[in-house]
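All heavy atoms count here, side chains included; hydrogens, waters and symmetry mates do not.
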Amino acid sequence: MKVSQLVLYRNLKYQAVLEGMDALFTAAIPDEENAYCMAGKLVELADTYGLEGNLWHAFLALCLANHENAFSTACEIRGQIQGDVDRLVCHDFRILMELFKRDLRTLGGDGVWDILSDYHQEKNSGKVFNKRVRDRIMELSRALEAAESVEAFKDCVTAFYKEFGVGKFGLNKAFRVIDKNETTRIEPITNVEHVYLDSLVGYESQKKKLVENTEAFIEGRAANNCLLFGDSGTGKSSSIKAVLNTYYDRGLRMIEIYKHQFHCLSDVIEQVKDRNYKFIIYMDDLSFEESELEYKYLKAIIEGGLGKRPKNVLIYATSNRRHLIREKFSDKRELDDELHMNDTVQEKLSLAARFGVTIYYGLPDKMQFQKIVTELAKRRGIVMPEDELLLLANQWELNHGGMSGRSAEQFITWLLGRK
C-alpha cells in the first residue's frame with residue numbers, strides 16, 4: 001500500500017514531508033540529496049513541536065493529531081464512532097501501520113538517521129503546543145509504534161481524539177483572530193497565563209456567579225453572555241482566564257477578539273459553530289466612544305441579527321464601564337438638539353442590556369486589601385512580621401494607584417525582587 005492510497009488522511013499539513021519520506025523508503029537507491037533534505041525537515045519539526053525519540057514515528061503521530069477529517073472531528077470529545085467512516089479509517093490505518101514499521105536506520109546517511117531514530121533535545125518543549133499536549137503526542141507515538149493490530153491502532157488514535165480533540169482547536173485552549181487581506185483566520189495562542197480561580201483572593205460571590213454560568217454552558221444547559229464590569233485591577237480579566245484554565249479539559253476554548261475586529265465576528269462564529277467544543281469569545285476592556293460604531297456589529301451578533309447564535313458560542317467581556325458606550329449629560333437634558341432624546345439614551349444602553357449576566361468587581365476596602373496582601377505573601381513564601389508587611393503594603397498602595405488586587409500583586413512582586 002502507498003501513501004497515495006490514503007482516503008481520509010489526505011492533504012496533510014506536512015504532506016510534502018510524508019511523500020518525501022515515503023519516496024526514500026520505497027526507492028531501490030535513496031536519493032542522497034533528498035534524504036538530507038528530509039532529515040533537516042524532521043529536525044525543524046522536532047524543534048517547532050518539541051518532538052523527541054524516533055522522529056519518524058513522532059512525525060506520523062503529529063500528522064494524526066493535527067489532521068481534521070470526517071473521522072477525527074467526529075471522534076473529538078465524543079470518542080468511538082460507527083458506520084462507513086469507521087471502515088474507511090481502518091483502510092487508512094493499515095497504510096499508516098506499514099509506515100510505522102519502516103526503520104530510519106535503513107536509510108544510511110553517514111549516521112544521520114541513527115541520530116534521528118533516537119533524537120533528544122536540550123529542552124523538551126516546542127513553540128506550538130503546551131507541554132501537556134506535546135507529552136501526549138509523544139505517548140501516542142510510542143503507543144502506535146507498539147500497536148499489533150488495526151483495531152489497537154484505531155483505539156489509540158480514538159482515545160487521543162476523545163481526550164484532546166484534533167487540529168488547532170483540539171490541541172490549543174486559546175486563540176486570537178487575524179484579519180488580513182479580507183480573510184479571517186483563527187490562530188492559536190500558545191502562551192496562556194496559568195491562573196486559576198483559587199489563585200484569586202476574595203470576590204467569592206462574583207466567581208461563584210461566573211462559574212455557575214460557565215458550568216451551565218459546558219453541560220449544554222441554557223447560559224447567558226456575561227459582562228464583568230467595575231474598577232480597574234480587581235481581577236475581571238484574570239477571572240475569565242481562570243475559567244478557561246479550569247474548564248479546558250471539558251472542551252472549553254476561548255477566542256480573543258478586539259473591537260476593531262468586530263466585523264469578523266460572523267466569520268469567526270461560522271468557523272466554530274459545528275465543532276464539538278464550547279467557545280467563549282472574549283472581549284477585554286470593552287468600551288466605545290460616541291464616534292465608534294463597531295458596537296453595532298456586536299449588538300447584531302449577540303441578539304438582533306437574522307442568524308441564530310450557535311449553542312456552542314458565548315460572549316464574555318470585561319469593562320470598566322457598566323454602560324459600555326460613553327454617555328454625556330447632554331444625552332439626558334430636557335433641551336437637546338435631538339428631537340427624540342430618549343431614543344439616543346436607549347441606543348447607548350442597549351448593548352449592555354444584551355449581556356444576560358452582569359457581575360460587578362469593586363475595589364476592596366482596607367480590610368479586604370490587607371487580606372489579599374497577607375494571603376499572597378503566604379502563597380509566595382514571604383516571611384516577615386504581619387505589622388511590617390501591612391505597613392509596607394499601605395505605603396505601596398498610596399503611591400501606586402490605590403487599593404486593588406493588582407496593586408497587591410505588584411507589591412508582592414516588589415517584595416520578592418527586593419530579596
Side-chain angles (χ1 to χ4, degrees), residues 68 71-82 130 132-133 136 158-175 186 188-189 192-200 203-229 235-257 265 268-284 298 301-303 307-318 353-361:
E68 298 177 5
F71 175 77
S72 61
T73 55
C75 286
E76 62 183 13
I77 307 301
R78 291 179 297 183
Q80 195 78 36
I81 65 167
Q82 303 296 325
N130 63 42
R132 175 172 171 260
V133 172
R136 186 65 179 85
T158 301
F160 180 90
Y161 291 153
K162 186 176 188 300
E163 182 181 357
F164 283 98
V166 62
K168 63 184 178 184
F169 292 130
L171 303 178
N172 297 277
K173 63 173 73 170
F175 306 84
I186 302 174
I189 299 172
V192 180
E193 186 178 359
H194 293 289
V195 57
Y196 293 86
L197 289 167
D198 290 343
S199 308
L200 304 173
Y203 299 97
E204 297 304 323
S205 63
Q206 289 91 334
K207 290 188 290 186
K208 183 173 183 290
K209 195 173 181 181
L210 185 63
V211 163
E212 287 174 350
N213 191 69
T214 305
E215 287 196 344
F217 179 50
I218 294 296
E219 294 169 4
R221 296 182 279 118
N224 281 295
N225 298 308
C226 194
L227 173 64
L228 280 59
F229 72 98
K236 302 182 294 296
S237 300
S238 295
S239 294
I240 292 181
K241 293 173 189 173
V243 161
L244 172 62
N245 290 321
T246 301
Y247 295 101
Y248 159 65
D249 59 356
R250 291 173 62 182
L252 183 65
R253 303 294 184 265
M254 192 168 287
I255 303 172
E256 184 176 39
I257 190 167
L265 275 170
V268 170
I269 291 174
E270 188 67 26
Q271 291 182 45
V272 304
K273 67 178 183 181
D274 295 322
R275 299 303 296 266
N276 295 319
Y277 305 100
K278 302 291 185 180
F279 290 91
I280 288 176
I281 296 178
Y282 170 46
M283 303 168 183
D284 191 31
L298 183 55
I301 290 294
I302 296 178
E303 188 181 326
K308 185 179 180 181
R309 179 169 51 82
K311 291 183 179 179
N312 69 330
V313 175
L314 276 187
I315 294 173
Y316 279 18
T318 69
R354 281 170 161 78
F355 289 89
V357 172
T358 55
I359 306 174
Y360 174 63
Y361 280 69

Any side-chain heavy-atom pair of L171 and F160 under 4.5 Å: yes

Could you give the distance from CZ (F217) to CG (N225), rounded to the nearest 0.5 Å? 9.0 Å

Between Y277 and N312, is there a side-chain heavy-atom distance shorter than 4.5 Å? no

Using side-chain heavy atoms (C-beta onward) and a distance below 4.5 Å, is N213 in contact with L314? yes

Is there a side-chain contact between R275 and T73 in this structure, where contact means two heavy atoms from C-beta onward sitting under 4.5 Å apart? yes

Value for CZ (F164) from CG (N172), rounded to nearest 0.5 Å, stands at 11.0 Å

Looking at every heavy atom in both A242 and Y196, which two are closest together, and how far apart are they? CB-C, 3.5 Å

Assess the side chains of T318 and Y361: does a donor N or O sit below 3.5 Å from an acceptor N or O? no

Side-chain contact test, heavy atoms from C-beta onward, threshold under 4.5 Å: evaluate it for L244 versus Y282 and give yes or no. no

Is any side-chain heavy atom of Y248 less than 4.5 Å from a side-chain heavy atom of R253? yes

R221 side, atom CZ; E215 side, atom CD - distance, nearest 0.5 Å: 7.5 Å

Heavy-atom closest pair, residues V357 and I359: CG1-CG1, 3.8 Å

What's the shortest heavy-atom distance between L197 and K207, and which atoms? O-NZ, 3.0 Å

Would you compute the distance between atom CE of M283 and atom CD1 of I240 and round it to the nearest 0.5 angstrom? 10.5 Å

Distance, nearest 0.5 Å, that separates CD1 of I280 from OH of Y316: 4.5 Å

Would you name the heavy atoms of L200 and S239 that are closest together and state the gap between them? CD1-OG, 3.4 Å

Whether F169 and F279 hold their rings parallel, tilted or perpendicular, with breakpoints at 30° and 60°: perpendicular

For E219, does its backbone N or O pair with a side-chain atom of K278 as donor and acceptor, under 3.5 Å? no

Measure the shortest side-chain to side-chain distance between I255 and Q271 over non-hydrogen atoms and say whether it is less than 4.5 angstrom. no

Distance col, row Y203:OH vs S238:OG, nearest 0.5 angstrom, shows 11.0 Å

Note, N245 side chain near E193 side chain (heavy atom, < 4.5 Å): no

Charged N to carboxylate O under 4.0 angstrom, E68 versus K168? no

Does a salt bridge link E212 with K208, judged by any charged N lying under 4.0 Å from a carboxylate O? yes

Test your reading of the model: is there a side-chain donor-acceptor pair from E76 to the backbone of N276, 3.5 Å cut-off? yes

